[in-house]
Participant: 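If you scroll down you'll find the structure; I have some questions about it.
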Amino acid sequence: MDIDLAVQKVRAFNRFYMPLMNLLGNHYLGSEYSATEARVLFEIRENEGCNAACIAKAMNIDKSYLSRIIAAHEKSGYLVKTASSVDKRSYELHLTDKGSRRAEEFVKMSNEDVARILAPVGP
């Protein structure tokens with residue numbers, strides 16, 4: 001496929017689906033969180049015990065921005081940091097029960113949103 005055509009298709013996809021899923025605003029799925037803030041919970045859920053560097057790499061976001069998000073989630077009671085057993089300079093991230101429930105809510109709501117969007121499109 002021609003790279004210009006591929007770029008056009010990706011951009012068209014983004015223009016169509018991002019507004020439908022409310023990914024352009026600051027309130028992901030009607031919550032108080034941005035899509036990035038919600039995704040951090042998802043990444044920790046999927047990679048229990050990971051560290052901030054792992055999340056920053058997976059999400060391609062600035063480490064200082066991620067640090068602020070982690071601190072806010074910790075303050076909200078969604079996650080805890082524990083000293084790494086491998087590298088004492090690092091810490092592992094774990095969701096609390098409250099954080100797990102919140103992450104599950106986001107997954108459920110996102111799945112429902114995608115199903116609603118795709119229903120009229122068909123296979």
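Computed from a predicted model, the values in this text were never measured in an experiment.
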Participant: Rounded to the nearest 0.5 Å, what separation is found between the CD1 atom of Ile61 and the CG atom of Leu66?
Facilitator: 4.5 Å
Participant: If you compare all heavy atoms of Tyr33 against all heavy atoms of Ala38, which two are closest, and at what distance to 0.1 Å?
Facilitator: CB-N, 4.3 Å
Participant: When rounded to the nearest 0.5 angstrom, what is the spacing between CZ in Phe42 and CZ in Arg102?
Facilitator: 15.5 Å
Participant: Sequence neighbours excluded and cut-off under 3.5 Å, please list the side-chain donor-acceptor pairs for residues 71-79, or say none.
Facilitator:
{"from": "His73", "atom 1": "NE2", "to": "Glu37", "atom 2": "O", "distance (Å)": "2.9"}
{"from": "Ser76", "atom 1": "OG", "to": "Ala72", "atom 2": "O", "distance (Å)": "3.1"}

Participant: Can you name the residues that form a ring pair (Phe, Tyr, Trp, His ring centres under 6.0 Å) with Phe106, not counting sequence neighbours?
Facilitator: Tyr28
Participant: In Å, rounded to the nearest 0.5 Å, how long is the span from OG1 of Thr36 to CD1 of Ile69?
Facilitator: 6.0 Å
Participant: Answer yes or no: are there more than 12 heavy-atom neighbours, outside Asn111 itself, under 6.0 Å from its atom CG?
Facilitator: yes
Participant: Report whether Met109 and Ile44 are members of the same hydrophobic cluster (ILVMFWY, side-chain heavy atoms less than 4.5 Å apart, transitive linking).
Facilitator: yes
Participant: Can you give me every donor-acceptor pair (side chain of residues 46-55, partner residue at least two apart or in another chain, under 3.5 Å) with its distance?
Facilitator:
{"from": "Asn47", "atom 1": "ND2", "to": "Glu43", "atom 2": "O", "distance (Å)": "3.0"}
{"from": "Asn47", "atom 1": "ND2", "to": "Glu43", "atom 2": "OE1", "distance (Å)": "3.3"}
{"from": "Glu48", "atom 1": "OE2", "to": "His94", "atom 2": "ND1", "distance (Å)": "2.8"}
{"from": "Asn51", "atom 1": "OD1", "to": "Ala53", "atom 2": "N", "distance (Å)": "3.2"}
{"from": "Asn51", "atom 1": "OD1", "to": "Cys54", "atom 2": "N", "distance (Å)": "2.8"}

Participant: Should Leu95 and Tyr91 be counted in the same cluster of Ile, Leu, Val, Met, Phe, Trp and Tyr side chains packed under 4.5 Å apart?
Facilitator: yes
Participant: For Val86, what residues pass the side chain to side chain contact (heavy atoms under 4.5 Å, CB included) criterion, not counting sequence neighbours?
Facilitator: Ser84
Participant: Answer yes or no: is there an ion pair linking Lys108 with Glu112, defined by an N-O contact shorter than 4.0 Å?
Facilitator: yes
Participant: Taking side chain to side chain contact (heavy atoms under 4.5 Å, CB included) as the definition, give me every residue that meets it alongside Thr96, ordered by chain and number, with sequence neighbours left out.
Facilitator: Val80, Lys98
Participant: For residues 56-68, which residue pairs pass the salt bridge (Lys or Arg N to Asp or Glu O under 4.0 Å) check, not counting sequence neighbours?
Facilitator: none
Participant: Report whether Val40 and Tyr65 are members of the same hydrophobic cluster (ILVMFWY, side-chain heavy atoms less than 4.5 Å apart, transitive linking).
Facilitator: yes
